[in-house]
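Notes for the one structure printed next.
Naming: A, B, ... by sequence-line order, numbering from 1 per chain. Given the structure is predicted, the values throughout are model-derived calculations rather than measurements.
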Number of protein chains: 2
Amino acid sequence: MTQTPPRPPAGPPARRPVPTSADVARLAGVSRATVSYVLNDTSAVRISEPTRRRVREAAEELGYVPHAAARSLRAGRTRIVLLPTAPVPVGPLYGHFLNELQWALRRLGYTVVQYASMGLDGDEAARAWAELRPVAVVTFGAVELTPHGVDVLKRSGARAVITLGPRPVEGAHSVPLDQRGVGGCAGVHLVERGYRRIGVVMPEEAGLELFSGPRLEGVRHAVTGSGADVVALPLACAEEAAGALAARWPGLGLDAVFAYNDEYAMLLMRALLDAGVSVPGDTAVMGADDLLLGRLTRPRLSTVRIDMETGQHLAGLVDRVVRDPDRTPEGGDLMAARAVHREST
Amino acid sequence: MTQTPPRPPAGPPARRPVPTSADVARLAGVSRATVSYVLNDTSAVRISEPTRRRVREAAEELGYVPHAAARSLRAGRTRIVLLPTAPVPVGPLYGHFLNELQWALRRLGYTVVQYASMGLDGDEAARAWAELRPVAVVTFGAVELTPHGVDVLKRSGARAVITLGPRPVEGAHSVPLDQRGVGGCAGVHLVERGYRRIGVVMPEEAGLELFSGPRLEGVRHAVTGSGADVVALPLACAEEAAGALAARWPGLGLDAVFAYNDEYAMLLMRALLDAGVSVPGDTAVMGADDLLLGRLTRPRLSTVRIDMETGQHLAGLVDRVVRDPDRTPEGGDLMAARAVHREST
DNA sequence: TTGAAAGCGCTACCAC
DNA sequence: GTGGTAGCGCTTTCAA
């Protein structure tokens with residue numbers, strides 16, 4: 001029996017070695033198998049109470065923590081649900097939704113891991129994710145997932161690849177987040193109130209096209225047949241940009257503008273007011289997201305309120321797909337939009 | 001030689017098995033060792049170019065992706081840097097900082113994993129994190145880490161446990177985020193302008209005490225000796241709450257208020273104006289964070305601008321601690337605050 | 001009720 | 001240059 005602990009091959013000064021289940025077994029005077037049974041409450045096997053206690057105490061004393069990698073290597077699958085993180089600022093709505101989702105997934109026994117993916121293209125990212133062998137991947141459209149990327153993930157053992165976003169990806173379960181609906185709401189709201197020359201702000205910030213494009217489309221679609229015009233207005237999120245746009249406002253001949261979200265809306269509305277354009281008299285302004293701060297402007301900002309299904313709902317869907325990847329349980333729309341009329345339209 | 005693939009023990013319908021390095025070796029007609037050498041560009045060993053090509057092609061064809069768990073099990077350590085995610089909304093400042101940090105860490109060869117920790121208490125969380133055997137943990141004060149939790153992590157092999165936040169934790173490297181300095185800036189700014197009865201908004205939302213407490217202290221400390229009073233004002237982030245506070249404003253006899261951040265400041269300022277309190281005539285209002293939207297109010301909001309050292313800076317610190325956990329390289333302050341005077345003070 | 005041992009995928013040491 | 005192989009920590013079947 002080798003008593004000499006096999007020292008790590010030099011390098012950094014030998015640190016106190018990490019305790020393993022073998023150490024626990026040794027201390028408790030039982031076999032590794034027994035340790036595993038006790039610590040995992042394996043029901044298929046009966047272990048005497050005194051033994052259980054000894055094992056538990058030994059584990060406690062050593063500060064033993066099971067090694068997730070070893071466990072999942074043995075098990076052949078992980079319980080990791082990987083959520084690629086978005087480099088784009090997504091606002092409080094997604095933030096809340098994300099928290100709910102993570103909480104619900106953990107209750108279902110999954111390990112939720114957000115993987116920092118900024119600066120990786122779709123296929124690099126998919127490979128990097130696949131190395132962790134997640135059982136599921138839920139992406140919010142932050143990284144452009146390709147059909148090939150989906151395939152890589154599936155072949156690495158991912159049972160569910162779910163994309164939340166404006167457009168589906170082949171091979172993945174797509175849960176549409178109906179951005180067109182958001183634009184649609186705004187379009188209908190404005191047309192109903194008689195506006196006919198409608199501007200739509202398109203943020204120039206990278207990463208937002210995935211959202212702004214469909215919102216624009218939604219407005220376009222909503223106004224067809226009403227005789228209204230829709231004009232895209234690129235805008236950076238900065239005061240000077242808004243000022244410049246406001247300066248040439250009269251020449252644009254617009255009587256309303258849907259500003260992508262409340263932040264852009266507040267920015268633009270301020271610039272318009274400062275330039276002498278009255279709101280909603282000369283031009284109506286509409287935002288989206290129903291931020292608290294939007295209620296504080298004068299006039300109060302009309303907006304599109306987006307209700308998202310609870311994260312719990314999506315967590316359930318993930319779980320169902322993991323359990324039976326072949327059945328396609330359509331979750332329906334996770335997002336519902338409705339216009340909130342205040343004073344700016 | 002067993003040719004029968006050992007089918008998974010029933011359960012879900014047998015899926016196409018995930019390719020391993022052995023499969024690549026078989027297809028390329030080489031040994032697993034050679035595959036490993038080629039795919040890892042092991043410099044200690046020379047492999048002929050034709051062999052390399054064959055291996056690469058085989059890997060490509062099979063869609064082989066190395067198994068991170070197996071690799072780190074073998075290596076005895078991971079390259080995971082674990083960042084517990086905060087359930088509290090932390091604002092665009094931290095968001096940006098976080099992105100930079102992640103990017104920089106990845107460039108240094110680490111795998112950045114954000115671990116969803118909401119609803120776990122400090123010690124549960126530490127255990128859960130330790131299962132992944134991260135080489136480093138960087139926490140932003142979202143989860144209350146205890147000395148015991150730090151010990152669990154260290155014993156599980158974490159070489160760096162770094163807390164960013166208002167107060168240090170025993171055993172961890174603490175990088176102070178000087179929230180007191182933020183309050184201090186505001187205090188000095190207000191006192192210099194002659195204000196003597198200063199309110200400080202304390203958000204009622206859970207999880208923010210860690211920030212608001214030190215900010216309040218900072219104000220208190222900054223005004224000592226000036227003869228100014230400081231009064232804490234609990235406030236929920238909602239219009240009604242702000243309205244109620246504004247209604248009893250005259251009775252409070254305050255000539256200035258530091259509102260924790262720009263959002264609370266805008267909320268309160270609106271309520272004050274609506275209640276007929278002039279700003280800054282009757283009462284000065286100061287925020288913090290220098291949000292874009294704060295510049296849009298009338299009067300424009302004075303604020304405390306917080307500059308954070310680049311994430312790259314912190315990434316370097318993490319890397320240094322990982323390489324030499326015993327030396328204590330103090331990184332200095334990561335945060336610098338300064339007052340920005342606009343119109344509301 | 002408990003123990004022995006195989007083997008998950010991978011890398012690194014040593015032979016050839 | 002390349003292959004054989006031990007062993008990382010864990011679970012689970014089989015035997016005692």
If you compare every side-chain N and O of T20(B) against the phosphate oxygens of dC8(C) (OP1, OP2), does one of them come in below 4.0 Å? no
Any side-chain N or O of S21(B) under 4.0 Å from OP1/OP2 of dC10(C)? yes
Is the distance from OP1 or OP2 of dG1(D) to the nearest side-chain N or O of T34(B) less than 4.0 Å? no
L62(A) has an atom CG; how far is it from atom P of dG9(D), in whole Å? 14 Å
Would you kindly give the CG-to-C1' distance between L39(B) and dT2(D), to the nearest whole Å? 15 Å
Identify the two heavy atoms, one from A315(B) and one from L108(B), that lie closest to each other, and give their separation to 0.1 Å. O-CD1, 3.8 Å
Proximal nucleotide (of dT1(C), dC10(D), dT11(C)) relative to the R71(A) side chain: dC10(D)
In whole angstroms, the gap separating C1' of dC10(C) from CG of D23(B) amounts to 13 Å
For the student: nearest non-hydrogen atoms of A136(A) and V318(A), plus distance: CB-CG1, 4.0 Å
Classify the side chain of Y37(B) and the base of dC10(C) as holding, or not holding, a donor-acceptor pair under 3.5 Å. no
Which of the following nucleotides, dT1(C), dC10(C), dG9(D), is nearest to the side chain of S48(A)? dT1(C)
If you assign A33(A) and A70(A) each to the DNA chain C nucleotide with the nearest heavy atom, which residue ends up on the more 5' nucleotide? A33(A)
Answer yes or no: is there a donor N or O on one side and an acceptor on the other, between the side chain of N40(B) and the main chain of S36(B), under 3.5 Å? yes
It should be established whether S72(B) places a side-chain nitrogen or oxygen under 4.0 Å from OP1 or OP2 of nucleotide dC10(C). no
Side chain of R32(B) - closest among dC10(D), dG3(D), dA6(D): dA6(D)
Once you round it to whole Å, what is the distance between P of dT12(D) and CZ of R46(A)? 16 Å
Between S31(A) and dG3(C), is there a side-chain N or O to OP1/OP2 distance below 4.0 Å? yes
From CG of N40(A) over to P of dC10(D), roughly how many Å is that when rounded to an integer? 10 Å
Less than 3.5 Å apart, any donor N or O on the side chain of W129(A) or S117(A) sitting next to an acceptor on the other? yes
Would you mind reading off the distance between R26(A) atom CZ and dG9(D) atom C1', rounded to a whole angstrom? 13 Å
Base, sugar-phosphate, or nothing for T51(B), non-hydrogen atoms under 4.0 angstrom? sugar-phosphate
Closest heavy-atom pair and its distance - V65(B), R133(A): O-NH2, 2.6 Å
Calculate the interatomic distance between I47(B) atom CD1 and dG3(D) atom C1'; express it in whole Å. 10 Å
For V45(A), report the nucleic acid contact type (base, sugar-phosphate, nothing); a contact means any heavy atom under 4.0 Å. base
On DNA chain D, does the nearest nucleotide to A69(A) precede the nearest nucleotide to G29(B) from the 5' side, or the other way round? Give the residue. G29(B)
Given atom CG of L73(B) and atom P of dT11(C), what is their separation to the nearest angstrom? 11 Å
Salt-bridge criterion met for D319(B) and R106(B) (N-O under 4.0 Å): no
Looking at dT11(D), dG3(D), dC8(D), which one has an atom nearest to any side-chain atom of R74(B)? dC8(D)
